[in-house]
Amino acid sequence: MRVLVCGGAGYIGSNMTAVLVENGYETIVYDNLSKGHRKAVVDGAEFIHGDLADYDKLVETMTKYKIDAVMHFAALIEVGESMLDPLGFYYNNVSNTNNLLRAMEFCKVNRFVFSSSAAVYGMAQNKALQESSPKSPINSYGDSKLAVERMCHFQSQTGRLNYAAMRYFNACGAGNNCTLGEDHWPESHLIPLIIQAAMGKRDSIKIFGDDYPTPDGTCVRDYVHVEDLAQAHLLALEKLSSTTEQIYNLGNGKGYSVLEVIEAVKRVSGKDFKVVREKRRSGDPAFLTADSSKAQKELGWTPKVPDIDSIIESAWKWHNQNPDGYSD
Ligand code: UDP
C-alpha cells in the first residue's frame, strides 16, 4: 500500500513514517517544513516539499505515486497561539484539510487517517472521556479539529471516503529507538520545556495556573507515548478498506498534574531546577484523560509504554543526544 503522510516531518508524523517504513509500506512524506524537520524523515520514505494549500501539487503527488491512503498530521497545534490567531488556525487546519480532501476525491483516494485531538471535548468533568462525551471545544485549535471531523463525517456519507479520526491526548516521548523526538520552535509543550530546564537550557519551568479544581491545583493531562500513537494509527489504517468511520480516543487513561510531571522529570533526570507559578494560560481545560477502551477493543491497541517515567526517559535520552534539537 502506498501511503501519503502529510506533515510527515513533524513530531508525530515522523514517528508514523518510521512505523510505516518498518512495516513495509511505501511511504511518501508531504511537508512544507514550516514546523517539521527534514532530518526527522527516516531513510526509506520519499520526501516531497509541498504545501497543503497547493491543490495542484497535491493532485500531482497523489497521481505520480499512485497513493492508496492519506494520513494527515500537518496542522498548527499550540493551544495558546490558537487563542491569539484563530483565523490562522482555521485556515491552516480546516481550509487546507478541505483542499487535501478535495484533491483526494479528485484522485479517487478514499482512505484517510486524521490526527484529531482531545481538545474537541473542551471541559471534562474530572472523569475519563469517551468518544461519545459532549464535544464543546474551548479553544480554536480544538474547534478546528472538530470541524475537520465533521467534514469527514459528511463526506463519508457520500460513499467517497473511509476515515479514521484519532483523538489523542498529550503525545510525548521519543520513538524509533529514541531517534525521533519533540522539537518545536518556539517550544510550548510541557515535557520538552521541563527537560530543557533540567538540562540547564532554561532558567525555570513555569506552571500555568495552580488554582484549577484538581487535587494539587495544576492541570491534569493524559500523556501517551508517540510510538504507541503511531501503532494505533497503523491499526486504524489497516481497517480502512472495510470501515467507513472510525473515531478513537488514544491515551493511557491515567492523568498526571503539571506538578507530578515536573516531579517525574526530576526523578528520571536526577536534576533539580527552579519552578515558578504563573497565571493560567488561556484556553486550558483543567482535566483531560482518555477512556481508550474502544481503541483497545476494536483495534486491538495496547500501549507498550504506558508509564510516565518510561515515557520521560525516552524523551530525556533524545534531548540529551540532540541538545539543539534537529538543528535545521
Ligand atoms: N504547561 C505549563 N507550563 C508550560 C507549558 C505547559 O504549566 O510551560 C501546562 C499547560 O497549561 C497544560 C499542560 O501543561 O495544562 C500541558 O500543556 P501542553 O502545551 O504540553 O499540551 P496541551 O495540553 O495544551 O495540548
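Counting starts at 1 for both ligands and their atoms, in listed order. Counting from 1, the numbers follow the sequence of the chain as shown.
Within the 4.5 Å cutoff, the side chain of Phe89 has heavy atoms near those of the Glu81 side chain.
The contact shell of ligand 1, taken as protein residues with any non-hydrogen atom closer than 4.0 angstrom, comprises Val79, Asn170, Ser188, His189, Leu190, Leu193, Ile205, Lys206, Ile207, Phe208, Cys219, Arg221, Tyr223, Val258, Arg281, Asp284.
His153 and Glu245 form a side-chain donor-acceptor contact under 3.5 Å, judged by distance and modelled atom types alone.
Applying the salt bridge (Lys or Arg N to Asp or Glu O under 4.0 Å) test to every pair with at least one member in residues 155-181, sequence neighbours left out, gives these pairs: Glu105-Arg160, Glu149-Arg167.
When the side chain to side chain donor-acceptor pair (under 3.5 Å) test is applied to Asn96, no partner is found at least two apart in sequence or on another chain. Residues forming a ring pair (Phe, Tyr, Trp, His ring centres under 6.0 Å) with Phe114 (at least two apart in sequence, or on another chain): His72.
Seen from the ring of Phe208, Lys206 does not count as a face-on cation partner, given the 6.0 Å and 45° thresholds.
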